[in-house]
Amino acid sequence: MGTGAEISPREADVLELVGAHLSNAEIAARLCVSVRTVESHVSSLLRKLRAPDRRALARRAPEAAGAAPSHPAPVLPAPLTSFVGRVSERAALTEMIKAHRQVTAVGPGGVGKTRLALAVVAEAAGEYSDGVWFVDLVPVTDSGMIATAVAGAVGLGEQPGRDMTDSVVAALADRHVLLVLDNCEHVTEGVALFLGRLLATCPRVTVLATSRARLMVPFERIYPVPPLSLAVDGESDAVALFMERAAAVGWPLDPPLRDQIAAICARLDGMALAIELAAARYPTLGLDGITAALSHPLRMLTGGSRADERHRSVRAALDWSHALLEPPDRALLRQVSVFMAPFTAAAAAEVARFEGGTAEAGTADEGIVADGLARLADQSLLMVTASPAGTAYRALETIRQYGTERLAEAGELADARSRHLRWCLTQAAGLTVVRADWRARFDLVADDLRAALAWAADRPERRADAYELARHLAELTFTRHLTGESQRRYEQAAELAGDPADSASMLRQAAAVAGCRTIGDDMYRLRRAAADAARRSGDGAGAAADLATAATVAFRFSTTFVRLPPREEALALVGEARERAGDDPAARAAVALAEAGVLTDAFGAAQGPSENEVPETIARAERAVELARRSGDPLAESAALDALTGALSWAGDAFGAAGTARRRITLLSSLPISPSGTHELIDALAMVTEAGLGAGDVPGARRWARRLADHPSLAEVGHRATCRLLMVDALAGNVGEVLTGSVRFLDAWRRAGSPARSILRPAVAGVAMIHGMRDDQRARREWQEILGQLGTPLEGAYGYGAVFDALLLLHRGQAPEALERMAPEAGQVWKWVTWIWHHWYVALRTEAAVLAGSPDARDRLDEARTIVAGNPVAGAIVERAGALFDGDQEALLATADAFDAAGCRYQSARTMVLAGGDHAGRGEAVLAGLGVAPMAPARSR
């Protein structure tokens with residue numbers, strides 16, 4: 001590289017994953033470190049490798065590793081046995097995936113589709129610069145969960161505010177990957193819809209699917225997977241497989257037996273699974289015994305004429321293998337078929353019931369079950385796998401389906417499913433306590449929970465259990481940060497609830513999760529649905545609270561809506577809520593908050609009235625706070641305090657707004673994790689950061705912003721997580737921190753599809769300013785282009801935009817231009833300037849007036865001192881301007897200490913430069929250490 005910088009082993013790991021186009025959150029999960037640690041490593045790598053941005057860093061990853069460009073290791077299952085034969089099939093399928101972007105390998109169960117696909121993609125992996133990913137769709141019971149399964153395999157977390165398909169498509173948009181979707185036959189409709197969006201948006205993605213049936217999409221190319229060859233020029237893949245598997249269990253076969261083996265393979269029609277099962281019986285039966293077993297009367301399932309012809313040989317093999325088991329092992333095999341994921345002997349003991357294995361307490365003896373599972377594994381009917389809980393077992397999908405059919409024939413299916421459902425309920429209840437291994441424990445049983453819920457939800461007699469499981473799964477997926485699924489499960493629980501009051505409760509939780517996902521339309525819809533359910537239950541007060549909350553949501557979170565409810569609609573909801581509230585404390589508090597938000601626009605909503613009386617706004621917000629406090633609900637009180645924070649800001653009371661915002665944090669800090677609590681806390685952290693910054697508490701604002709950036713719910717949306725922290729660091733002049741955070745911001749924003757969210761604008765403007773101070777014009781132009789994509793409303797022109805532009809212009813010595821940029825009086829651009837920017841605007845405008853030699857500079861100084869009194873940063877800027885105006889060197893240098901105490905090293909260094917002489921040299925050294933270009937001399941008009 002020529003940089004001479006040494007890269008540490010951990011940095012090398014991070015660099016490799018950056019080169020594989022993983023996000024910071026994905027890298028953190030892969031390396032088991034925090035997102036902040038990854039940010040630090042990426043920042044260090046950018047500096048050491050002199051890369052301008054993350055994309056350049058990814059391109060330079062192979063070079064930095066000291067090797068030719070390499071490809072990520074394919075993320076594929078490790079087969080437990082060797083792959084035999086299929087030379088021509090591998091070649092044909094390889095050519096198809098090179099020529100076409102979506103190929104489906106089609107064939108009956110047991111023909112060997114998965115093994116063939118794995119062999120092909122392992123060889124082809126080097127052709128795909130961003131790797132190969134394998135997705136097993138067997139556990140997916142809902143067509144709407146295809147994208148979730150793909151995201152899990154790729155290592156992509158859910159991004160609040162977007163559905164999972166959008167997140168996957170965004171993540172793979174510029175990647176050159178081969179995606180394997182295995183076992184699609186039971187969710188073909190969902191796979192087809194997912195692939196339609198994926199392939200249309202991601203031009204460098206190729207998909208290889210395996211399925212028993214075609215996906216029936218226009219871009220699909222079919223490869224029919226044939227049985228293993230029986231005889232080709234004297235060679236037979238089928239015979240080779242039988243002999244290899246027999247040798248693997250310690251019974252090698254002599255070549256003279258090939259004809260007898262060939263006859264057996266011919267009876268099995270060359271079906272790979274059937275041959276493997278037959279070979280597993282060889283040590284106990286010998287070839288003669290296997291031949292005899294294939295003539296067993298149970299060769300076909302009962303009703304063989306109804307069996308799919310494609311499956312006859314596999315069913316035959318399973319039939320005779322099943323018939324040779326002892327009765328308890330047969331029962332065990334069919335009863336463990338209800339498990340969708342790997343299961344332990346302890347889990348099987350709770351679900352299985354069979355003669356000789358049932359205890360009085362209603363659970364099978366775990367020791368007996370463990371012995372049975374071992375015998376089934378010996379016969380290749382179960383696979384042994386490792387799990388966080390110890391040894392686990394898994395049935396191949398074909399065998400699992402066979403076992404389920406046997407359960408149905410024996411009349412045991414409903415009972416086995418019921419026991420599995422009870423086991424799932426127990427597992428779900430046990431996961432309510434979050435421990436260090438919680439994520440691994442949840443992931444182990446998640447597919448079983450989903451499958452049990454899908455079964456129970458369709459059975460009226462299991463409705464109560466289905467409701468409980470849906471409720472548990474909603475809570476668990478929220479903890480797992482699968483917020484999209486969590487919302488769906490809460491809505492499903494609401495549909496399953498037998499009591500309308502329970503439905504209302506679940507819909508409220510669903511609305512809170514929608515809030516965490518920043519989907520205002522869903523919050524509004526679900527709160528109105530909760531009001532309907534509450535009315536059905538006879539809870540008029542609950543309905544009133546829901547109606548009022550829906551109206552509040554429309555104003556409080558107006559920027560998260562696609563279709564914003566008009567003010568008239570919200571007013572109607574408030575009116576109805578007021579009529580229904582009665583004397584209920586919670587309902588009255590909710591109505592009071594809605595009135596503060598809708599009638600007097602405490603939240604500054606997009607559809608709010610253009611003018612509002614500040615005293616009335618404050619009075620209504622204070623009443624909402626008092627009523628919420630009396631109701632005893634800290635979440636309601638937090639929401640009311642949010643309204644009061646807004647009201648105080650419109651009044652120009654920056655310190656009152658900051659203090660109120662801190663009250664919210666204190667109120668929420670001790671609450672248990674919940675959707676509503678999480679939504680409130682994230683919003684509160686954002687508000688306390690902004691309010692603290694408006695009052696000049698830079699260190700406090702940075703602490704809150706850091707806490708927000710590190711919140712686990714925002715790990716996959718780094719642009720939302722870091723936007724406030726970037727804003728604070730930019731105003732403080734923390735150049736290194738801005739450069740580090742902007743990498744995470746930009747990467748996450750692009751992965752999210754470059755959303756035009758208003759909350760992101762100040763951060764982008766701040767980053768652009770920092771690049772301007774560094775005299776990096778290329779980077780500044782890039783961030784200004786991003787700002788253009790986000791739009792520049794009035795708050796950009798006269799709020800954060802004016803502040804950041806003025807800081808840069810003053811750094812460049814362009815005081816007259818800075819004064820012109822801030823020409824309007826603060827009172828002329830009321831609300832958005834009087835929010836967090838009021839004191840900054842007034843102070844910088846005053847400094848610009850002094851440095852530009854404005855004739856009214858003295859009057860501006862006197863007025864500014866009154867406005868910013870008590871703000872340590874804005875006050876120091878004004879006092880510095882006054883010292884410059886008066887030529888008071890001692891007073892000027894005193895402001896440098898004030899800036900240091902306030903956490904603003906840039907402003908302290910700027911003061912030293914303005915002081916001149918030896919002080920200027922020390923100031924310029926500090927600026928250089930910060931990474932800022934030298935200040936230009938101030939010039940007046």
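Hydrogens, waters and symmetry mates are skipped; everything else that's a heavy atom, side chains included, is used.
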Asker: Is there a donor-acceptor pair under 3.5 Å between the side chain of D448 and the backbone N or O of M340?
Answerer: yes
Asker: Show the nearest heavy-atom pair for residues A209 and C184, with the distance to one decimal.
Answerer: CB-SG, 3.9 Å
Asker: Distance-only, no hydrogens or angles: does the H472 side chain make a donor-acceptor pair with backbone N or O of L431 under 3.5 Å?
Answerer: no
Asker: Where do T188 and S211 come nearest, in terms of heavy atoms and distance?
Answerer: CG2-OG, 4.3 Å
Asker: If you compare all heavy atoms of A348 against all heavy atoms of V369, which two are closest, and at what distance to 0.1 Å?
Answerer: CB-CG1, 3.7 Å
Asker: Less than 4.0 angstrom from a charged side-chain N to a carboxylate O is my criterion; do E350 and R419 meet it?
Answerer: no
Asker: Relative to each other, are the rings of F339 and H420 parallel, tilted or perpendicular (30° and 60° limits)?
Answerer: perpendicular
Asker: List the atom of R330, the atom of L325, and the distance in Å for their closest heavy-atom pair.
Answerer: NE-O, 3.1 Å
Asker: With no hydrogens and no angle check, just 3.5 Å: does a side-chain donor-acceptor pair link T104 and Q102?
Answerer: yes
Asker: Do E220 side-chain atoms and M216 backbone N/O form a donor-acceptor pair below 3.5 Å?
Answerer: yes
Asker: Compute the centroid of each ring, for F343 and then for W423, and state whether the two points are separated by less than 6.0 Å.
Answerer: no
Asker: Could you check whether R406 pairs with E409 (Lys NZ or Arg NE/NH1/NH2 to Asp/Glu carboxylate O, under 4.0 Å)?
Answerer: yes
Asker: Can a side-chain donor-acceptor contact be found between E405 and Q401 if the only test is distance below 3.5 angstrom?
Answerer: no
Asker: Is a donor on one side and an acceptor on the other found under 3.5 Å between the side chain of R101 and the backbone of L199?
Answerer: yes
Asker: With no hydrogens and no angle check, do the side chains of S418 and R462 hold a donor and an acceptor under 3.5 Å apart?
Answerer: yes
Asker: Tell me, yes or no, whether the heavy-atom count around E189 atom CD, taken from other residues, nucleotides or ligands under 6.0 Å, exceeds 12.
Answerer: no
Asker: Any donor-acceptor pair under 3.5 Å linking the side chain of T477 with the backbone of R480?
Answerer: no
Asker: Please give me the minimum heavy-atom distance between A470 and R489, naming the atom from each residue.
Answerer: O-CB, 3.8 Å
Asker: Looking at R517, is its backbone amide N or carbonyl O close enough to the side chain of T483 to form a donor-acceptor pair, meaning the two atoms are under 3.5 Å apart?
Answerer: no
